[in-house]
Participant: 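Structure below; questions to follow.
Lettering follows sequence order; numbering is per chain, from 1. Nothing here was measured: the structure is a model prediction, and the numbers come from that model.
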Amino acid sequence: MLVTWMRLGAMALPSATLTVFVGVWYLAAGYYPPEQFPGPQAVALALVELTQDGTLWANTWISLARFAGGYLLAVAVAMPLGLLLGRLPLIARALDPLIQVLRPISPIAWFPLAVLWFGIGNAPAIYIIFLAAFFPVLLTTISAVRSIPAIYLKVATNFGARPAMIFLRIIVPAAFPGIMVGLHIAVGTAWIHLVAGEMLGAQSGLGYMIVDARNFLRTDVIIAGMLVVGLLGLAIYQGMRALERLIGRRWGLAQ
Amino acid sequence: MTAEPKILITGLEKRYASSRNGEQVAVTGVDLTIGAGEFVCLVGPSGCGKTTLIQLMAGFEQPSRGRPTIDGRAVTQPDPDHIMIFQDYGLFPWKTVLDNVLFGLEARGVAPGHARTRALETLELVGLRAAAAKHPHELSGGMKQRVAIARALAVKPSVLFMDEPFAALDTFTRLRLQDELLGLWQAQRSTVVFVTHDLDEAIALGQRVVLMAAGPGHIQRIIPIDLPYPRERTSDEFARYRRELFAEFHLVHQWAANPGGDVEGRGGAGI
Ligand SMILES: Nc1ncnc2c1ncn2[C@@H]1O[C@H](COP(=O)(O)OP(=O)(O)OP(=O)(O)O)[C@@H](O)[C@H]1O
Ligand SMILES: [Mg+2]
């Protein structure tokens, strides 16, 4: 009985928060002209309009494609590199100053160069997403490899496993739960930078849709775009969580 | 002791670099001969160098002096014919029980079909055939250690090194596994070097008990246990050995507490 109530409460609380949020938004918007601060009903109408004329789908697809491209490219480069650097401490030490200097530079700061190099279009946005995902994946992979319990390696060498077998069958799977954390962090930062990248250098995508709406003073479209970005980000994050749980179960780390 | 020596150690010493450029002597002056097929237990207080000694025999550490030999060959690195079993099992958590046992066979290049048969056979031997598809996190501590033992036995090693393999288990599981290990050893006749803190465990298992002492680590005494297997833990003879070991242990502790003191028995009678 108590459990049922608690479960109901657990579902009711977030819904209540959302309801209150929309209510406050509605009331607050009443004090401003709609071009400055549109209410929830105006945003809902904008969403319907964007869906019906097809712009929302077109821009969402292009954004997702760029995101997937930049993110997967970053993973494909940073993960193998991190696995190697984790096993080659000397080279890792040699590269460390470079990594430490490049890492704190916001991907946005690369934007002027990215446009000079790649022109306007997909490439600068993909490059910025790539940069945003690259360092979290690289650094967590290196530290995941370094924190593999020594006993796994001892057992593997004891049984006479060759270096290639140790790398593929021990290092990679043993580091994977740690790498997963990096993949997770990188999804978040990369998604945030997707919008920035598209605002600055693209002629399409959700980021572009938002800047374009500003040029026409369509604040309802701006907020609709922000909402879609937030919801998609949430969906990607949840997908990542599900994948993480699946792998955790496979690795025997699930609680 | 069996006539032909399997493991031969003379004048073994291991120093570790410690802080401030100093060196710490972990074990020194160790002479020990272990016969083929023998079961030897190493006991002694914490820090007396049991782990150091067994790691040196297994090739995980390099000696500072007096390299051990096994089958007449100097031990320079770990060898798939000499398998170490650790207290914390060392199972790969992402692999099933069967895949864990298969690992050693695959590392040796055994053909998949044969490897599978052999792995299932050894799992049967430790009574875990039914758990073949499980992951290590689904097993109890005792089952995990059985898997580690099966993984070792699968490659038919001539020497098993075991560093406190049952120390993390409860008393009942520990007693069961001791008996199982004896059964497996009697069936396979591999040489077993077994480190333990537990004097009863040493008396129940070892044909000889090597008592070590600290400051720096060395062999204090070697006591042959002349009791037939399986050993009755409540028998008078068992109790006699226990008294003997306790008396010796007491001296060791006294010496450890007061290394300068003149305590009889230091460096005592080896065999
Ligand atoms: N890798 C190492 N580096 C430096 N000193 C070490 C190292 N390993 C062991 N020692 C030292 O060598 C001595 C013997 O340690 P060892 O681990 O062999 O003892 P032990 O008998 O196995 O103890 P325990 O019963 O607690 O496992 C200790 O003084 C320890 O501090
Ligand atoms: Mg030890």
Participant: Is there a side-chain contact between A:Tyr152 and B:Phe92 (heavy atoms, below 4.5 Å)?
Facilitator: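 A side-chain contact under 4.5 Å exists here.
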Participant: Calculate, to the nearest 0.5 Å, the distance between atoms CZ and CZ belonging to A:Arg169 and B:Phe103 respectively.
Facilitator: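 The CZ atom of B:Phe103 is 6.5 Å from CZ of A:Arg169, to the nearest 0.5 Å.
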Participant: If you count the non-hydrogen atoms of other residues, nucleotides and ligands that lie under 6.0 Å from CZ in A:Arg146, is the total more than 12?
Facilitator: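 Yes.
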Participant: Considering only heavy atoms, which portion of B:Leu105 lies under 4.5 Å from any heavy atom of chain A: side chain, backbone, both, or neither?
Facilitator: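 Nothing of B:Leu105, per the 4.5 Å heavy-atom cut-off to chain A.
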Participant: For B:Tyr16, look at atom OH and say whether over 12 heavy atoms of other residues, nucleotides or ligands are found less than 6.0 Å away.
Facilitator: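 Check passes, neighbour count above 12.
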Participant: Cation over ring, A:Lys154 on B:Phe86, under 6.0 Å and within 45°?
Facilitator: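 The answer is no, since A:Lys154 fails at least one limit relative to B:Phe86.
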Participant: Shorter than 4.5 Å, heavy atoms on both sides: which option in A:Ala174, A:Ala161, A:Pro149 has the most such pairs with chain B?
Facilitator: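 Among A:Ala174, A:Ala161, A:Pro149, the one with the most close pairs to chain B is A:Ala174.
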Participant: Go through B:Arg108, B:Glu138, B:Glu106 and name the one with the most non-hydrogen pairs under 4.5 angstrom from chain A.
Facilitator: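 Heavy-atom pairs under 4.5 Å are most numerous for B:Glu106.
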Participant: Would the number of heavy atoms belonging to other residues, nucleotides or ligands and lying under 6.0 Å from CG of A:Leu13 be above 12?
Facilitator: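 Above 12, so yes.
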Participant: Identify which part of A:Ile170 has an atom lying under 4.5 Å from any heavy atom of chain B, answering side chain, backbone, both or neither.
Facilitator: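 When you check distances to chain B, atoms from both the backbone and side chain of A:Ile170 fall under 4.5 Å.
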Participant: Heavy atoms only, distances under 4.5 angstrom: which of B:Pro78, B:Gly59, B:Pro80 has the most pairs with chain A? Name it, please.
Facilitator: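 Greatest number of close heavy-atom pairs with chain A: B:Pro80.
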Participant: Please look at B:Gln77 and chain A and tell me whether the side chain, the backbone, both or neither of the residue comes under 4.5 angstrom of a heavy atom of that chain.
Facilitator: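 B:Gln77 has no heavy atom closer than 4.5 Å to chain A.
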Participant: Just wondering, more than 12 heavy atoms not from B:Arg189 lying within 6.0 Å of its CZ?
Facilitator: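 More than 12 within 6.0 Å, yes.
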Participant: Are the side chain of B:Asp79 and the backbone N or O of A:Asn158 linked by a donor-acceptor pair below 3.5 Å?
Facilitator: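 Not a single qualifying donor-acceptor pair exists.
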Participant: Is the shortest heavy-atom distance from the side chain of A:Phe159 to the side chain of B:Arg151 under 4.5 Å?
Facilitator: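 Contact flag for A:Phe159/B:Arg151 side chains = yes.
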Participant: Could you tell me which of A:Gly160, A:Ala156, A:Pro173 has the largest number of non-hydrogen atom pairs under 4.5 Å with chain B?
Facilitator: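 So the answer, after comparing A:Gly160, A:Ala156, A:Pro173, is A:Pro173.
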Participant: Kindly check if the number of other-residue, nucleotide or ligand heavy atoms within 6.0 Å of CZ (B:Arg67) is above 12?
Facilitator: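 Atom CZ in B:Arg67 is packed in, count exceeds 12.
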